[in-house]
Protein chains: 2
Amino acid sequence: MTEKDECCSNIPDCCDMRGLLSFSILWLLTKRDMYGQELAEELGKMRGKRPNPGTLYPALKELEKRGLVETRKEGRKKFYVLAESGRTGVVEACEYFCTVYADIFREYGADE
Amino acid sequence: MTEKDECCSNIPDCCDMRGLLSFSILWLLTKRDMYGQELAEELGKMRGKRPNPGTLYPALKELEKRGLVETRKEGRKKFYVLAESGRTGVVEACEYFCTVYADIFREYGADE
DNA sequence: ATAAACATATTGGTTACCCAATATATAGAT
DNA sequence: ATCTATATATTGGGTAACCAATATGTTTAT
């Protein structure tokens, strides 16, 4: 039992739960500005597994292209910052998400 | 304001929230056996929009192929029933899902 | 200077999800 | 019988998310 095993995980193999990567990224960025590797780490903590660079960077590029995030360079690190449209969009997305899956959370969430 | 507008909707355009279709189907089937059109209607209520037949039926086929659901025909209706592996799998998936998105629910869910 | 470590990024290939449009099959009504 | 409504299903085309592997910069340490 290593340190890595303490967080979340238990990824189900019954149905692949792909999706919501961009949504998760935007949500993480409401907490603070992060650079790529930081996002990868936080996504790993959330979902039990770090996304591949070939998954993460194209997603970030797309979010930037859509104007939802902006970037700022500090040394070799490239920080991603929520743009105004990203800020409003993610709230809308979170509300939609919580409405859609409310019943599942009522049954399986909350406790522990 | 038609009847249809009363349910959920407000689908965000900031980030496409594709995904979790198979997961949602399995979860709906924990409630009761359903046939295709019934599932389409329930998914519509959840997500604000009915999935296309070209989306739904291949997903159902795949779930059957994987042995997660079984089918039973009644007239022209084909009922989908959770198989044993689907029953245990969906619980695991729900728990995983609730762990991953717990913080988002804490912030945006619960009330109303 | 150069090696090691860190960080970003791309390539090539797969799968799940998404649509509009169309096709097939069954049941019920006239 | 045949028309209508219901239900299942496929076709063809697109995007987001996923991976392993590899490549390219940039800082830091020696």
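So you know, we letter chains A, B, ... as the sequences are listed, proteins then strands, and number each from 1.
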Task: Nearest-Å distance for atom pair CE/P, residues A:Met34 and C:dA7 - done: 15 Å
Task: Value in whole Å for how far the P atom of D:dT15 lies from CG of A:Leu63 - done: 16 Å
- [ ] Give the nucleotide from the list D:dT10, C:dT10, C:dA16 with an atom nearest to the side chain of A:Pro58.
- [x] C:dT10
Open item on the list: Need one value for A:Phe79: base, sugar-phosphate or nothing, where a base atom within 4.0 Å counts as base even if backbone is also close, heavy atoms only.
Closed with: nothing
Task: Atom-pair distance (CG on B:Leu56; C1' on C:dA20), nearest Å - done: 15 Å
- [ ] Starting from C1' on C:dT8, measure out to CD on A:Glu74 and report it in whole angstrom.
- [x] 15 Å
Task: Atom-to-atom span, NZ of A:Lys77 to P of C:dT8 - whole angstrom - done: 9 Å
Task: Interatomic distance, B:Leu39 CG vs D:dA7 C1' [rounded to whole Å] - done: 13 Å
- [ ] Would you mind telling me which of C:dC17, D:dT10, D:dA17 lies closest to the side-chain atoms of B:Lys61?
- [x] D:dT10
Task: Under 4.0 angstrom between A:Tyr35 side-chain N/O and C:dT8 OP1 or OP2 - done: no
Open item on the list: Looking at A:Lys45 and A:Glu42, is any side-chain nitrogen of the basic one under 4.0 Å from a carboxylate oxygen of the acidic one?
Closed with: yes
Open item on the list: Testing the 3.5 Å rule here: is there a donor-acceptor pair between the side chains of B:Glu62 and B:Ser22?
Closed with: no
Task: First of A:Glu62 and B:Pro53 reached from the 5' end of DNA chain D, by closest nucleotide - done: B:Pro53
Task: OP1 or OP2 of D:dC19 under 4.0 Å from side-chain N/O of A:Thr55 - done: yes
Task: Atom-pair distance (CG on B:Leu43; P on C:dC18), nearest Å - done: 9 Å
Open item on the list: Using a 4.0 Å heavy-atom cut-off, does B:Gly54 contact any base of the nucleic acid, only the sugar-phosphate backbone, or nothing at all?
Closed with: base
Task: Phosphate OP1/OP2 of C:dT8: any A:Lys73 side-chain N/O under 4.0 Å - done: no
Task: Under 4.0 angstrom between A:Arg47 side-chain N/O and D:dA17 OP1 or OP2 - done: no
Task: Plane angle bin for A:Phe79 and A:Tyr35 - parallel if under 30°, tilted between 30 and 60°, otherwise perpendicular - done: perpendicular
Open item on the list: Counting only side-chain heavy atoms from C-beta out, which of C:dC19, D:dC18, C:dA9 sits nearest to B:Lys49?
Closed with: C:dC19
Open item on the list: Is B:Gln37 close enough to D:dT6 that one of its side-chain N or O atoms is under 4.0 Å from OP1 or OP2 there?
Closed with: no
TODO: Look at A:Arg50 and D:dC18 and indicate whether a side-chain polar atom (N or O) is within less than 4.0 Å of OP1 or OP2.
DONE: no
Open item on the list: Quick check for you: to the nearest 0.5 Å, what is the distance between B:Leu63 atom CG and B:Tyr80 atom OH?
Closed with: 9.0 Å
Open item on the list: Can you tell me if A:Lys78 touches the phosphate of D:dG25, counting only side-chain N or O atoms and a distance under 4.0 Å to OP1 or OP2?
Closed with: no
Open item on the list: From the set C:dT10, C:dC17, D:dA17, return the single nucleotide nearest to any side-chain atom of B:Ala59.
Closed with: C:dC17
TODO: Taking only Lys NZ, Arg NE, NH1 and NH2, and the carboxylate oxygens of Asp or Glu, determine whether B:Glu38 and B:Lys77 approach each other closer than 4.0 Å.
DONE: no
Task: Donor/acceptor link under 3.5 angstrom from B:Arg76 side chain onto base of D:dT8 - done: no
Task: C:dA16 phosphate, OP1 or OP2, under 4.0 Å from B:Ser22 side-chain N/O - done: no
Open item on the list: Rounded to whole Å, please give me the gap between CG in B:Leu60 and C1' in D:dA7.
Closed with: 12 Å
Task: N/O (side chain, B:Asn52) to phosphate O (OP1/OP2, C:dA20) under 4.0 Å - done: yes
TODO: Would you name the heavy atoms of A:Ile104 and B:Cys98 that are closest together and state the gap between them?
DONE: O-SG, 3.9 Å
